[in-house]
Amino acid sequence: QLQLVESGGGLVQPGGSLRLSCVVSGSNLDRYAIGWFRQAPGKEREGVSCISSSGRSTDYADSVKDRFTISRDNAKNTMYLQMNSLKPEDTAVYFCAVTLKLFGRCWIDPPSYDSWGQGTQVTVSS
């Protein structure tokens with residue numbers, strides 16, 4: 001039913017910045033909690049950040065706190081992840097996801113999300 005499409009990934013040097021976008025189609029976004037996740041080759045998918053349906057609550061993994069910022073624009077059915085001060089360990093495929101299971105609450109555990117994008121590659125390297 002829902003389709004999510006990420007964009008904005010690419011190759012950047014350590015210390016650089018990227019802004020990821022995710023456009024959601026098939027439903028109004030305002031009732032969904034939103035999350036960003038990432039997965040490196042051979043590694044488990046991990047939560048990066050989430051934002052509640054109201055936009056008033058956010059959460060971040062300790063590894064990205066104070067470097068990444070999540071936001072949403074319900075009028076455009078779009079969610080964003082601003083990534084600053086990027087490190088090589090941030091290299092991964094980044095996924096956006098949404099869910100109604102949390103009733104609008106913000107959690108960054110992957111099993112709570114049931115609609116996923118296909119991912120966009122972020123590579124941080126010298």
Working for side chain to side chain contact (heavy atoms under 4.5 Å, CB included), residues Ile34 and Thr99:
CA-CA 7 Å; Ile34 295 169; Thr99 185; over 6 Å; no
Separation between CZ (Arg105) and SG (Cys50), nearest 0.5 Å, reads 11.5 Å
| said: Check whether Asn77 reaches the backbone of Val24 with its side chain - one donor and one acceptor, N or O, closer than 3.5 Å. | reply: yes
Residues Phe37 and Ala97: closest non-hydrogen pair is CE1-CB, 3.8 Å
Exercise for review: Would you sort out whether Gln1 and Ser27 count as a side chain to side chain contact (heavy atoms under 4.5 Å, CB included), showing the intermediate values?
Suggested key: CA-CA 8 Å; Gln1 186 77 359; Ser27 182; 5.9 Å; no
When rounded to the nearest 0.5 Å, the distance separating CD of Gln39 from CD of Glu44 is 7.0 Å
Between Ala40 and Ala92, the two heavy atoms sitting closest are N-CB, 3.9 Å
Exercise. Counting only N and O atoms by type, is there a donor-acceptor contact under 3.5 Å from the side chain of Thr120 to the main-chain atoms of Glu6?
Worked result: no
Result for side chain to side chain contact (heavy atoms under 4.5 Å, CB included) between Val122 and one of Leu20, Leu81, Thr91 points to Leu20
(request) Would you kindly say whether Ser54 and Ser52 are connected by a side-chain donor-acceptor distance under 3.5 Å? (result) yes
message = Would a single hydrophobic cluster contain both Val98 and Val48, if residues Ile, Leu, Val, Met, Phe, Trp and Tyr are joined by side-chain heavy-atom contacts under 4.5 Å?
response = yes
- Task: Determine whether Trp107 and Leu4 fall in the same hydrophobic cluster, where Ile, Leu, Val, Met, Phe, Trp and Tyr are linked whenever their side-chain heavy atoms lie under 4.5 Å apart.
- Result: no
Check the surroundings of atom CD in Gln82: do more than 12 heavy atoms from other residues, nucleotides or ligands lie under 6.0 Å from it?
yes
Rounding to 0.5 Å, atoms OG (Ser115) and OH (Tyr32) come to a distance of 6.0 Å
| task | Just say parallel, tilted or perpendicular for the rings of Phe68 and Tyr94, cut-offs at 30° and 60°. | result | tilted
Looking at Glu89, I'd like to know if its CD atom is crowded, meaning that more than 12 non-hydrogen atoms belonging to other residues, nucleotides or ligands lie closer than 6.0 Å. yes
Run the numbers on Arg19 and Ser71 for side chain to side chain contact (heavy atoms under 4.5 Å, CB included), then give the verdict. CA-CA 11 Å; Arg19 182 177 176 86; Ser71 62; 4.3 Å; yes
CG (Leu11) and CG (Leu18) are apart, to the nearest 0.5 Å, by 9.0 Å
So with a 6.0 Å cut-off around CD of Gln121, is the heavy-atom count from everything else above 12? yes
Using distance only, find each side-chain donor-acceptor pair of residues 56-65 under 3.5 Å and give its atom names and separation, not counting sequence neighbours.
| from | atom 1 | to | atom 2 | distance (Å) |
| --- | --- | --- | --- | --- |
| Tyr60 | OH | Ile70 | N | 2.9 |
| Ser63 | OG | Arg38 | NH2 | 3.4 |

Smallest heavy-atom separation, Arg72 atom then Ile51 atom, equals NH1-O, 3.8 Å
Arg67 and Asp90 ion-paired at < 4.0 Å: yes
Rounding to 0.5 Å, atoms CZ (Arg31) and CG (Leu100) come to a distance of 5.5 Å
(Q) Please tell me whether Leu29 and Tyr113 are part of a single hydrophobic cluster in this structure, the criterion being side-chain heavy atoms less than 4.5 Å apart. (A) no
So for atom NZ, which belongs to Lys101, do other residues, nucleotides or ligands contribute more than 12 heavy atoms lying within a distance under 6.0 Å? yes
dist Gln3:CD -> Ser25:OG (nearest 0.5 Å) comes out at 4.5 Å
* Asked: Is there a side-chain contact between Pro14 and Pro88 (heavy atoms, below 4.5 Å)?
  -> yes
Practice item. Taking atom types as modelled, find out whether Asp73 and Thr78 have a side-chain donor-acceptor pair closer than 3.5 angstrom. Key: no
Checklist entry - In terms of the angle between their ring planes, are Trp116 and Phe95 parallel, tilted or perpendicular, with boundaries placed at 30° and 60°? => result perpendicular
